[in-house]
Amino acid sequence: QVDVAAMAQLFGYVDVTDSGFIAAVLSIAFNPLFWNVVARWEHKTRALSRTFGSPHAACYCLGTLILILNGVRSHCFTEAMKNQPKLEGLDCRWAYGMGLAILAVGTLFVVTSFLALGFTGTFLGDYFGILMEAKVTSFPFSVLDNPMYWGSTAVYLGWSLM
């Protein structure tokens with residue numbers, strides 16, 4: 001038998017019917033689905049590389065589109081957070097400080113990952129045939145296997161706590 005009391009309590013703090021919440025969930029789910037489908041399609045067909053005249057131009061265009069979609073996702077997330085019920089226990093300085101610290105660590109991982117990989121390394125260049133000369137093993141990859149994903153998750157967690 002399953003005890004659903006914890007889940008029922010959780011749904012007391014999340015308004016799943018809020019249009020902002022629904023938009024945030026859809027954008028969070030859509031973004032990685034979109035860029036993975038497009039990247040795999042490019043890898044299979046090279047259609048974007050032909051359309052843009054080179055793999056680099058195509059990768060930069062897809063990367064720019066991904067950045068725009070991430071901006072939309074962040075906006076949807078922020079708006080959803082504004083409309084959701086707040087936990088009274090987290091409405092204090094220590095929770096804000098903890099959220100800020102988690103956000104800072106997440107930002108460190110995201111930014112240093114980007115610097116280590118470069119634009120094409122970050123934005124699916126390997127699907128366009130743009131390969132790095134060697135595997136990146138410097139920080140933050142020396143600390144985590146997927147620092148961009150962990151960092152991004154930490155940014156949203158920190159933001160939520162704040």
Side-chain angles (χ1 to χ4, degrees), residues 1-44 48 59-128 136 139-162:
Q1 217 173 23
V2 177
D3 181 16
V4 294
M7 201 58 147
Q9 186 178 7
L10 174 66
F11 280 118
Y13 293 107
V14 178
D15 180 5
V16 296
T17 63
D18 176 59
S19 62
F21 177 82
I22 294 167
V25 168
L26 290 175
S27 67
I28 289 166
F30 174 77
N31 285 9
L33 177 68
F34 168 78
W35 71 61
N36 278 293
V37 167
V38 170
R40 289 169 192 252
W41 174 68
E42 167 62 18
H43 184 68
K44 198 173 204 177
L48 290 175
C59 183
Y60 275 93
C61 287
L62 179 60
T64 301
L65 183 56
I66 289 170
L67 285 171
I68 291 167
L69 289 172
N70 286 345
V72 170
R73 177 184 65 190
S74 293
H75 173 73
C76 289
F77 180 84
T78 300
E79 292 304 308
M81 291 302 296
K82 288 179 186 176
N83 296 327
Q84 290 298 309
K86 294 179 179 28
L87 288 170
E88 294 168 13
L90 294 179
D91 193 17
C92 59
R93 287 182 186 231
W94 72 265
Y96 184 86
M98 181 67 75
L100 189 59
I102 292 169
L103 184 134
V105 169
T107 301
L108 173 72
F109 283 131
V110 169
V111 170
T112 55
S113 295
F114 179 81
L115 293 173
L117 294 171
F119 193 91
T120 56
T122 300
F123 293 107
L124 308 166
D126 51 336
Y127 287 90
F128 292 85
V136 178
F139 183 83
F141 294 92
S142 59
V143 178
L144 293 169
D145 283 337
N146 300 295
M148 184 73 74
Y149 294 123
W150 285 109
S152 185
T153 301
V155 165
Y156 283 103
L157 175 62
W159 206 345
S160 299
L161 288 172
M162 291 171 58

- Task: Mind jotting down which residue pairs meet the side-chain hydrogen bond (donor to acceptor under 3.5 Å, both in side chains) criterion with at least one end in residues 91-114? Sequence neighbours excluded, please.
- Result: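 Pairs touching residues 91-114 that pass the test: none.
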- Which residues share a ring-ring contact (aromatic ring centres under 6.0 Å, His included) with Phe123, sequence neighbours left out: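 Phe123: ring-ring contact (aromatic ring centres under 6.0 Å, His included) contacts with Phe119.
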- Item | All side chain to side chain contact (heavy atoms under 4.5 Å, CB included) counterparts of Leu115, not counting sequence neighbours |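 Leu115 satisfies side chain to side chain contact (heavy atoms under 4.5 Å, CB included) with Val111 only.
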Report yes if the side chains of [X] and [Y] come closer than 4.5 Å at any heavy-atom pair, otherwise no.
X      : Y      : value
Leu124 : Ile66  : yes
Cys61  : Leu65  : no
Phe141 : Phe109 : no
Phe21  : Val14  : yes
Leu62  : Phe128 : yes
Val136 : Leu117 : yes
Arg40  : Lys44  : no

- Test side-chain contact (heavy atoms from CB on, under 4.5 Å) applied to Tyr127 and Val38, step by step: CA-CA 9 Å; Tyr127 287 90; Val38 170; over 6 Å; no
- Take Met81 and Tyr156, measure what side-chain contact (heavy atoms from CB on, under 4.5 Å) needs, and give me the verdict at the end. CA-CA 10 Å; Met81 291 302 296; Tyr156 283 103; over 6 Å; no
Minimal non-hydrogen separation, [X] against [Y], with atom names:
X      : Y      : result
Val16  : Ile22  : O-CG1, 3.6 Å
Pro32  : Asn36  : O-ND2, 2.8 Å
Gly20  : Ala80  : O-CB, 3.5 Å
Gly125 : Cys59  : CA-SG, 3.7 Å
Thr122 : Met148 : CG2-CE, 3.6 Å
Leu90  : Ala95  : O-CB, 3.3 Å

- Just by modelled atom types, is the Asn83 backbone N or O under 3.5 Å from a matching donor or acceptor in the Asp15 side chain?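 Such a contact is absent between Asp15 side chain and Asn83 backbone.
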- Item | Nearest-0.5 Å distance, CD1 of residue Ile28 to CG of residue Leu33 |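 If we round to the nearest 0.5 Å, Ile28:CD1 and Leu33:CG are 14.0 Å apart.
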- Rounded distance (nearest 0.5 Å) linking atom OG of Ser152 with atom CG of Asn146: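 Taking OG in Ser152 and CG in Asn146, the distance rounds to 12.0 Å.
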- Query: In this structure, are over 12 heavy atoms from other groups packed under 6.0 Å from Met98 atom CE?
  - Reply: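 Incorrect, the count does not exceed 12.
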- Taking the six-membered ring for Trp, is the centroid-to-centroid distance between Trp159 and Phe77 below 6.0 Å?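 Between Phe77 and Trp159, which both carry aromatic rings, the centre distance is below 6.0 Å.
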